[in-house]
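Here is the structure we will look at, set down as structure tokens.
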Amino acid sequence: MNRFPLKETVLETFQWRIARSSDAVAFKFNDREMTYREYDLQANRVANGIITAGCAPNSRIAVLAKNSVMYAEILFGSLKSRTALVGLNWRLAGPEVVFVLNDSQSELLFVGPDFYELVDSVKHDFTHVKQIVAIGDGHAKWQGYESWRNSFDYMDPGLKGRGDDDVIQLYTSGTTGLPKGVRLTNKNINASTPMVEETWGKDWHENSVNFILSPLFHVAGSNIVLMGVVFGCKNIVISEPDPGTILRLIDKEKIETAFMVPALIQFLLNHPDAKTTDFSSLRQIVYGASPISEDTLLRAIEMMGCEFWQVYGLTETSGIGTTLAPEHHDPS
């Protein structure tokens, strides 16, 4: 298809998208919309803040927070500062958070309000964190994210990365021991884009309304954000996947595409509002991360009336592996 130019870095691909879709809506979160141009300018501020904090190229910055447009800004800001983003699983216990931060040698930590108390209790064990920034309403001792971001210039820092620069470091649990850090480079992520184009992304287009439901610390969540920007979608973000909220927003926002885990699909089907939800805008559900029962799949196909794509992959392969196309879901 080659709907996208071949670039060396994810940043260059994002910059191509910004130039092409600057006035279109990139994200909507808590009823506030952000255009691609605004996304670019806020990311410049984040990047300048990361650089001012002393984070050199290829160093790590970390986020321990639920999904938000601020998380997406930090991702883009890390690209512009040539640092790698470490997404922390917010289900981890304190000692595991310490391990991931120290193992990744993260130097700057962004913390959502749900995790202030946790980080306060273990921060004395951090070995590399230079600064903690509070996402949300602020913290008695940590600077709030918006005031931190807004204290820096809108000017693009102009750093040009390389194909082998690490972009994201995600932690995945193996069969034994502590979580393992998986380093994904520009080349890794850019190589996955044409594979998405050829499979479940072939029907995505500019201004498609894309639902971001998976946590961004997981490769599925980070991929949906990355691809949502590359494809030029309007990306609807919610902090965590509440079934009632999801059903309401499918109807209200006329959602077209979404990635869901099978358990979430089942929760939606069993929710009392499912029977009155208008699913007519849905064109595609991509699902994966665990097996799906035949009963759940057949009920979902009947109720949602859209195409279903199954994906199977690994963090180590940028989330891309094998897919089952809609024709493989024919009940007959």
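If you're wondering where the values come from, they're calculated on a predicted model, not measured in any experiment.
Using a 4.5 Å cut-off on side-chain heavy atoms (C-beta onward), F308 and I292 make no contact. L88 places a side-chain heavy atom less than 4.5 Å from the side chain of L109. Using a 4.5 Å heavy-atom cutoff, the side chains of F211 and I246 are in contact. With a 4.5 Å cut-off on side-chain heavy atoms, I135 and Y71 do not count as touching. Between Q42 and Y154, the closest side-chain pair of non-hydrogen atoms falls below 4.5 Å. Using a 4.5 Å heavy-atom cutoff, the side chains of N67 and V237 are in contact. Put simply, the side chain of V98 reaches to within 4.5 Å of the side chain of F126, judged on heavy atoms. Under the 4.5 Å side-chain criterion, counting only non-hydrogen atoms from C-beta, S222 is in contact with L170.
Of the possible polar contacts, none joining the Q143 side chain to the V133 backbone as a donor-acceptor pair under 3.5 Å is found. One N or O on the side chain of K130 and one on the backbone of G54 form a donor-acceptor pair closer than 3.5 Å. Judged by distance alone, with hydrogens and angles left aside, the side-chain atoms of N207 form no donor-acceptor pair with the main-chain N or O of A24 at under 3.5 Å. Of the possible donor and acceptor atoms, none in the side chain of N186 sits under 3.5 Å from a partner among the backbone N and O of E8. Of the possible donor and acceptor atoms, one in the side chain of N235 sits under 3.5 Å from a partner among the backbone N and O of A26. Judged purely by atom type and a 3.5 angstrom limit, T83 has no side-chain atom pairing as donor or acceptor with the backbone of L79. Although no hydrogens or angles enter the test, the distance criterion places no donor-acceptor pair under 3.5 Å between the side chain of T323 and the main chain of V311. Using a distance-only test at 3.5 Å, with no hydrogens or angles considered, a donor-acceptor pair links the side chain of S104 to the main chain of L101. Side-chain atoms of S21 never come within 3.5 Å of backbone atoms of I18 as a donor-acceptor pair (strictly under, hydrogens ignored). Between the T185 side chain and the K187 main chain, a donor and an acceptor come within less than 3.5 Å of each other.
Using a 4.5 Å cut-off between side-chain heavy atoms of Ile, Leu, Val, Met, Phe, Trp and Tyr, with links allowed through other members, M260 and F279 fall into the same hydrophobic cluster. With hydrophobic clusters built from ILVMFWY side chains whose heavy atoms lie under 4.5 angstrom apart, I255 shares a cluster with M303.
Between the CZ atom of F110 and the CD1 atom of I50 there is a distance of 5.0 Å, given to the nearest 0.5 Å. Atoms OG1 and CG, on T35 and D40 in that order, are 9.5 Å from each other to the nearest 0.5 Å. Here CD of Q284 is found 9.0 Å from OG of S208. Values are rounded to the nearest 0.5 Å. Summarising the geometry, atom CZ belonging to F27 is positioned 8.0 Å from atom CE belonging to M34; distances are rounded to the nearest 0.5 Å. Here CG of L213 is found 11.5 Å from CD of E240. Values are rounded to the nearest 0.5 Å. Separating the CD1 atom in I189 from the OG1 atom in T193 is a distance of 8.5 Å, to the nearest 0.5 Å.
When only modelled atom types and interatomic distance are considered, D273 and T276 share no side-chain donor-acceptor pair under 3.5 Å. No side-chain donor-acceptor contact under 3.5 Å links S293 and D295. A donor-acceptor pair shorter than 3.5 Å can be found between the side chains of N270 and R299. The closest side-chain donor-acceptor pair between N210 and T257 falls under 3.5 angstrom. Between the side chains of E73 and Y145, a donor-acceptor pair is found at a separation under 3.5 Å. Between N150 and R45, the side chains place a donor N or O and an acceptor N or O closer than 3.5 Å (distance only, hydrogens not considered).
Between V229 and Y39, the shortest heavy-atom distance links the atoms CG2-CE2, 4.1 Å. Scanning both residues, S78 and L85, for their nearest heavy atoms gives OG-CB, 3.9 Å. Summarising the geometry of H271 relative to G244, their closest heavy-atom pair is NE2-CA, 3.7 Å, with the distance given to 0.1 Å. Of all the heavy atoms in V261 and F259, the pair that sits closest is CG1-CE2, 4.2 Å. Residues G77 and A47 approach most closely at O-CB, 3.4 Å, considering heavy atoms.
Using a 4.0 Å cut-off between charged side-chain N and carboxylate O, K180 and D103 make no salt bridge. A salt bridge links K252 with D31; the closest basic N to acidic carboxylate O contact falls under 4.0 Å. Salt bridge absent: E96 and R91 never bring a charged side-chain N and a carboxylate O closer than 4.0 Å.
Between W142 and H139, the angle of the ring planes stays under 30°, which puts this pair in the parallel group of the 30/60° scheme. By the 30° and 60° cut-offs, the orientation of the rings of F99 relative to Y171 is perpendicular.
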Does the pair V119 and L64 meet the rule for a side-chain contact (heavy atoms from CB on, under 4.5 Å), with working shown? CA-CA 9 Å; V119 172; L64 178 61; 3.7 Å; yes
Hey, mind stepping through C55 and I61 against side-chain contact (heavy atoms from CB on, under 4.5 Å) and telling me if it holds? CA-CA 8 Å; C55 301; I61 64 167; 4.2 Å; yes
For side-chain contact (heavy atoms from CB on, under 4.5 Å), just list the numbers for W204 and V230, CA-CA rounded to whole Å, side-chain angles, deciding distance to a tenth of an Å, and then say yes or no. CA-CA 10 Å; W204 286 33; V230 170; over 6 Å; no
Check the pair W90, D114 against side-chain contact (heavy atoms from CB on, under 4.5 Å), reporting the backbone distance first and the verdict last. CA-CA 9 Å; W90 39 260; D114 298 283; over 6 Å; no
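A side chain to side chain donor-acceptor pair (under 3.5 Å) with R60 is found for exactly one of E107, Q105, Q169, namely Q169.
For F267, the CZ atom is loosely surrounded, since the number of other residues' heavy atoms within 6.0 Å does not exceed 12. For E327, the CD atom sits in a packed shell: over 12 heavy atoms of surrounding residues, nucleotides or ligands are nearer than 6.0 Å. Sparse packing is recorded around CD of E146, with 12 or fewer heavy atoms of other residues, nucleotides or ligands lying under 6.0 Å away. Counting heavy atoms of neighbouring residues, nucleotides and ligands inside a 6.0 Å radius, atom NZ of K123 exceeds 12 of them. Atom CZ of R183 has 12 or fewer neighbouring heavy atoms from other residues, nucleotides or ligands inside a 6.0 Å radius.
Checked against the 6.0 Å centroid threshold, Y287 and H329 count as a close aromatic pair.
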